[in-house]
Amino acid sequence: MPNSSPALVVTALIKDFGPVSSLDGKMVRVLDGVHLRAYPGQVTALLGANGAGKTTTLECAQGLQRADSGTVRLLGENPFNAGAELRSRVGVMLQDGGLPPSARPLALLNHVAAMYASPRPVAELASRLGINSYATTAIRRLSGGQKQRLALASALIGNPEVLFLDEPSAGLDPQSRTIVFDLIRELRAEGLAIILTTHLLDDAQKLADYVYILDAGRTVTHGTVAALTADDAGDTYRDLRFHAAPSLDLPAAAFPDFALREAEPGHYSVAGCFTPADLSALARWWEEAGILPTSITMEPRSLEDVFLDISGREIR
Amino acid sequence: MSTAAPLAKRILLQGRYEALTMLRNGEQLVLAIALPLLGLVVLVLTPFLDGLAGSRVDAATPGIIALCVMSTAFTGQGIATGFDRRYGVLRFLSTTPLGKPGLILGKALAVVVVLAVQLVVIGTAASLLGWRPDPAGLLPGLVQLVVGAAAFTALGLLVAGTLRPEATLAVTNLFWILLAVAGGIVLPGTLLPDAIRPFVDILPSAALGDGLRSALIDGAFDLAAFLILTAWAVLSSLAAIRWFKWS
């Protein structure tokens, strides 16, 4: 944890929606105890499957919704119905963009910039995010990626200290993604507290300093990417895979503490916090049984595995 | 550290932005300018309003101005706000320094600006047709106009903030046509069937039409009309504050 005080503190957030007519007028609990802290100079990622409560958490943190219980402190204030001064220090990129379809990108950006006393230079930001090439095209005619970049520019134009990005990489082509990710890293270096949601583990692994995994409206685990992919003692999990002849007899002695299995015919895998001695035991079995694998790979366990272990593998 | 632009500047900017958006929208212009102009010409060419004032144009113009208020404040603003809500524009702008109050005040200002444009166009056309309003009625007329605009803006926001945008489109257009024909706005209640008179008289459309006719034809201040409009403005505003959904 950094030494500076957090820009955002969310404690025990609970939020019900409804009544929902398709559920006989029952209320649906969308948030059921979300905890979250975000620090300046860090990218904090909220990771979760669809419906885990990421967007609702952000909207409570932005003051767009009021939680039923729990507290939100954004730059030390309650953001719900906060004044213009707090709003001027916080930039928001909504999941659906929130951009008027008939507006022209550059005109809209200038309009939003004028709401601030000291905005970022519009021309510079527009050129950085490649908006000049579609500056006067009606927003309804833009591609998803063009809209995303404009929404990001609109969130940034006020020179905020805290930046909320709801699914920032949705709809981005690889070039735009690189531009946007580089910019996010640069803003982090400038000291912004950046809070983003994503269901793409790759995004979190590439960008996030700290990850909160949400499931069914709860913060189920949190930590740095390195800590989440390590075990309790801090050892890093490894995924080891090798290809060899199918249906090998797997002796228990080969990998005593781990379950070596044949996932598909000829594809063998085992995961855990291995020691060099474990690898040596594996190699001894290969030697004794006369097995020469056609390929061997070993990688750190991915955030994806952590995520799937926690939120389950079934589609919901 | 970033700070917000002053409140007045934010509201002025938003008002200008929304007014330009409305004036650039073709369908809005039909509703705000073309149809009222057409109505004015029809009423000058036909004998519907004969006997209400010294000339047909004197009898018709106050009601046409009232119709303009309904076009802009209720139907135009309602539809625009409904779709802004659908596209998340209301939510996004409420996170900027503009905020929710600035957004609403900006919309109200846009209504005033577009209304001013309509008054210039309709006033010029009517003058060319011989319209001579009673000078003593200009101030009372302005008062009725402002209260009427507030009432219809609040009603438009109430519809836009509670229904889906497609429903808002249908409802505000339908009410515009119904009230324009039988709401006592262009044709005063005295010309409508007795059976619907008690309902028509308490409508904001009839109150605004009557208030403007009293002012601009007779130079009088219609207190009953003013009170009815005030009641509609207050009740609709309270309802909008209570039920308006931002998302």
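Just so we're on the same page: letters track the sequence lines, and every chain starts at 1. Values below: every heavy atom of this structure, side chains too, minus hydrogens, waters and symmetry copies.
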Just checking A/R120: does its CZ atom have more than 12 heavy atoms from other residues, nucleotides or ligands closer to it than 6.0 angstrom?
yes

Separation between NZ (B/K9) and OH (A/Y116), nearest 0.5 Å, reads 12.5 Å

Would you say CD of B/E27 has more than 12 non-hydrogen atoms from neighbouring residues, nucleotides or ligands within 6.0 angstrom? no

Derivation and outcome, side-chain contact (heavy atoms from CB on, under 4.5 Å), residues A/L64 and B/S94: CA-CA 8 Å; A/L64 282 171; B/S94 68; 3.4 Å; yes

Cut-off 4.5 Å, heavy atoms of chain B, and the answer for A/Q95 is neither

message = Is it the case that over 12 heavy atoms from other parts of the model lie below 6.0 angstrom from the CZ atom of B/F175?
response = no

CZ of B/F92 to CD of A/Q62, rounded to nearest 0.5 Å, is 11.0 Å

For residues 91-115 of chain A, the ring pair (Phe, Tyr, Trp, His ring centres under 6.0 Å) pairs (sequence neighbours left out) are A/H111-B/Y17

### Query
Got B/T96 and A/R87 here, is their nearest side-chain heavy-atom distance under 4.5 Å?
no

- Query: With side chains defined as the heavy atoms from C-beta onward, is the minimum distance between A/D96 and B/R91 less than 4.5 Å?
  - Reply: yes

So OG1 of B/T95 and CZ of A/F164: to nearest 0.5 Å the spacing works out to 10.0 Å

query = So does B/F199 have more than 12 non-hydrogen atoms from other groups sitting under 6.0 Å from CZ?
reply = no

Note: A/M115 and B/Q14 closest approach over all heavy atoms is CE-OE1, 3.7 Å

Pair count under 4.5 Å, heavy atoms only, with chain B: among A/P79, A/G83, A/A84, highest is A/A84

- Item | A/R185 atom CZ, neighbour heavy-atom count above 12 within 6.0 Å | yes

Practice problem: Taking the side chain as every heavy atom from C-beta outward, state whether A/P100 and B/Y87 have any pair of such atoms under 4.5 Å apart. | Solution: no

Residue from A/I157, A/V90, A/L94 scoring the most non-hydrogen pairs under 4.5 Å with chain B is A/L94

Value for CG (B/D84) from CG (A/L99), rounded to nearest 0.5 Å, stands at 11.0 Å

dist A/S102:OG -> B/M22:CE (nearest 0.5 Å) comes out at 12.0 Å

